[in-house]
Amino acid sequence: MPSNVSVAELKAKAKELRLNIVETTFNATSGHVGSSLSCADMLTALYFKYLNVDVANPDWEERDRFILSKGHCALAYVPCLAMKGFIPIESLADFNKTGSAYGMHPDSKKIRGCDASTGSLGHGMPIGVGMSIGLKMKGINAKVVVMTGDGECQEGSNWEAAMAAAKYKLENLIWIIDRNKLEIDGPTEEVMPLEPLDKKVEAFGMKCIKCNGNDMEDVDRALAEAWETAGPVCIISSTTKGYGVKKFEGDVKMHYGSFGDDRKDLQVYIDEINARG
Amino acid sequence: MGTAWNTYDANKMSSGAMYGKTLAELGEKDPRIVGVTADLAKSTNIGVFGARFPDRLINVGIAEQNLFGVAAGLAKTGFIPFASTFAIFACLRGGEFVRTDCAYQNLPVKIIATHGGLSFGAAGSTHHCIEDFAIMRAIPNMTVVIPADAYETASAVKACIDVPGPFYMRVGRGMEPLLHNSEDDYEFKIGKAMTLKEGNDVTIIACGIPTRDALIAGEMLDEQGVSAQVINMHTLKPIDKEAIIEAAVKTRRIVTVEEHNVIGGLGDAVAAVLAESGKRCILTKIGIPDEFGPIGKPEDLYAIYKLSSQGIMETVMELMGKEIEEDDWDDED
Ligand SMILES: Cc1ncc(C[n+]2csc(CCOP(=O)(O)OP(=O)(O)O)c2C)c(N)n1
């Protein structure tokens with residue numbers, strides 16, 4: 001059951017997450033900033049309202065599961081877990097440093113509260129399907145949420161998993177696609193067209209919900225609907241890569257961006273994130 | 001020897017950049033050459049070829065199985081496809097397509113895999129690739145080359161056109177220092193090991209990025225009174241058996257150095273040649289000890305796994321302290 005958290009509170013959390021993302025990138029000198037900023041609102045809503053998890057007991061069997069299939073967004077995911085209380089917020093300073101538990105891609109053996117090690121694209125949905133079947137077999141009524149990128153949808157394994165999700169009627173499975181319309185080599189529709197993505201998802205036997213993934217009210221609405229739907233269900237979350245810092249928005253180069261070592265630049269990003277509503 | 005870590009301008013002369021540049025030059029002369037990639041045109045530098053010949057670079061999106069299937073299809077219609085992605089996705093995600101579509105049909109698909117070994121350090125184990133030597137070596141028809149730096153990368157890219165079947169080459173992320181000063185410094189022949197330094201007490205056989213450190217270790221050992229021979233085994237398959245056996249007979253001590261799991265790579269290839277030869281020799285393998293490694297800067301990870309010059313030197317010194325049991329074998333001739 002989603003908890004009772006207001007959109008205003010979620011917005012404030014999303015802002016805090018964006019600040020953590022740019023701060024962590026600055027400390028690490030570089031990172032998947034664009035990809036991480038695009039999905040920050042969705043991650044926030046999931047962890048601060050929807051996912052039923054227990055910070056004191058991360059392995060609690062009845063918890064909802066979350067798989068960050070676009071694992072290169074550990075830069076958003078790890079700070080989010082830290083804000084939630086799974087790991088100390090100070091440890092974000094170690095991000096990407098030699099020997100740290102937190103690198104560019106999340107390692108479930110090292111990160112408290114992380115349900116799956118990801119980073120190789122196209123793995124989240126198959127693992128999610130397996131978890132979802134497993135929970136059903138155990139009679140546990142928990143959600144399994146998988147977040148992929150949109151370019152990531154070009155991996156056939158997603159569609160193999162989608163077929164299985166329909167076959168096994170996985171009511172508890174939610175697939176979120178962060179539709180920021182960019183991948184590494186350019187716009188998805190130029191590199192390898194995905195549209196009509198909603199029709200494809202529906203043809204594979206999933207209900208499709210659409211939202212503006214950078215508008216918290218709309219994110220909240222979409223998640224509420226997904227939570228109440230007997231799945232498998234898919235949310236196509238339209239976002240802007242780099243959302244929150246004008247300079248990064250829609251810039252394909254900011255998929256993996258390098259920050260200089262001038263704190264003044266960082267301050268500009270911080271001020272901009274703070275100034276936004 | 002070329003430049004060192006940090007002082008090296010990765011964008012100008014990285015293995016990746018050299019690959020893109022060399023392929024574009026080859027493409028001018030040879031219309032059979034085409035490129036195939038999976039949303040990594042920029043990252044692998046095959047995009048340099050693509051910028052020169054937009055119609056000859058096929059980007060299949062993030063879909064590595066399709067990448068190698070498409071490459072095989074192109075080869076079947078008379079092209080020489082260069083297929084590029086990160087090493088881990090070439091050998092494992094697309095692996096069966098490499099084996100069954102490219103190698104089984106003995107097609108001239110040239111796989112240039114980047115970000116191999118620990119070179120994408122902070123990306124962690126999803127992106128570290130310490131299994132490709134073992135996998136690619138075990139695929140029939142496959143030729144496997146691991147260049148030591150950007151110059152050797154250029155040499156290998158040129159040489160692989162004449163290899164009739166499938167070809168696998170692994171390079172790093174492109175931040176590593178250079179071993180050579182130019183392509184004129186050495187003779188590059190697929191299947192022929194390169195002696196970088198002569199010596200009588202021990203032989204260091206290395207491949208890939210740590211080869212430069214192996215050579216530095218060899219020089220450090222000289223100062224300690226140990227005469228080390230250093231061999232660059234850039235071709236893993238077919239491996240230069242003669243060079244290994246000669247080294248065994250000459251020095252009786254061999255240390256292998258590779259940015260790979262100690263299982264199934266260069267060390268095991270050398271071990272097999274030694275065991276089958278019947279020559280008396282003691283071997284130490286330096287590599288990743290069958291574990292998923294930590295995250296971190298590649299140079300830090302190399303130090304952790306003794307792939308740095310210091311680590312190699314220390315390992316050799318340990319081996320020098322070991323007794324080689326005398327036996328009554330007569331293998332001198
Ligand atoms: C199997 C696999 N192939 C290639 C990569 C390299 N890679 C990392 S992120 C990325 C692009 C992802 O694009 P998208 O899914 O649209 O996510 P975004 O970063 O735009 O949010 C690629 C190709 C990978 N991590 N895994």
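This is a predicted model, so every value here is computed, not measured. Letters A, B, ... mirror the listed sequences (proteins, then strands); counts begin at 1.
- With a 4.5 Å cut-off on non-hydrogen atoms, B/L92 does not touch chain A at all.
- Between A/F86 and A/F66, the distance from one ring center to the other does not fall under 6.0 angstrom.
- Of the listed residues (A/D185, A/T98, A/L194), the one with the most heavy-atom contacts under 4.5 Å to chain B is A/D185.
- Residue B/F292 does not touch chain A at all, counting heavy-atom pairs closer than 4.5 Å.
- Of the listed residues (B/A122, B/G296, B/G61), the greatest number of heavy-atom pairs within a distance under 4.5 Å of chain A belongs to B/A122.
- The candidate from B/G121, B/G124, B/P294, B/A123 with the greatest count of non-hydrogen atom pairs under 4.5 Å with chain A is B/A123.
- Salt-bridge formation is not detected for the pair A/K181/A/E195: no Lys NZ or Arg NE/NH1/NH2 atom is positioned less than 4.0 Å from an Asp or Glu carboxylate oxygen.
- Between A/D107 and A/K109, none of the side-chain N atoms (NZ, or NE/NH1/NH2) sits under 4.0 Å from a carboxylate O, so this pair counts as no salt bridge.
- With chain B as the partner, the residue from A/K110, A/M192, A/E155 showing the most heavy-atom pairs under 4.5 Å is A/E155.
- In this structure, A/H255 and A/H32 have perpendicular ring planes: the angle between them is above 60°, well past the 30° mark.
- Proximity to chain B (any heavy atom under 4.5 Å) is restricted, for A/Y102, to the backbone atoms N, CA, C and O.
- Neither the backbone nor the side chain of B/F86 has a heavy atom closer than 4.5 Å to any heavy atom of chain A.
- Of the listed residues (A/I184, A/T188, A/L121, A/T118), the greatest number of heavy-atom pairs within a distance under 4.5 Å of chain B belongs to A/I184.
- The pair B/R52-B/E28 counts as a salt bridge, with a side-chain nitrogen and a carboxylate oxygen less than 4.0 angstrom apart.
- Taking 4.0 Å as the cut-off between side-chain N and carboxylate O, A/K199 and A/E202 do not count as a salt-bridged pair.
- Using a 4.0 Å cut-off between charged nitrogen and carboxylate oxygen, A/K70 and A/D178 count as a salt-bridge pair.
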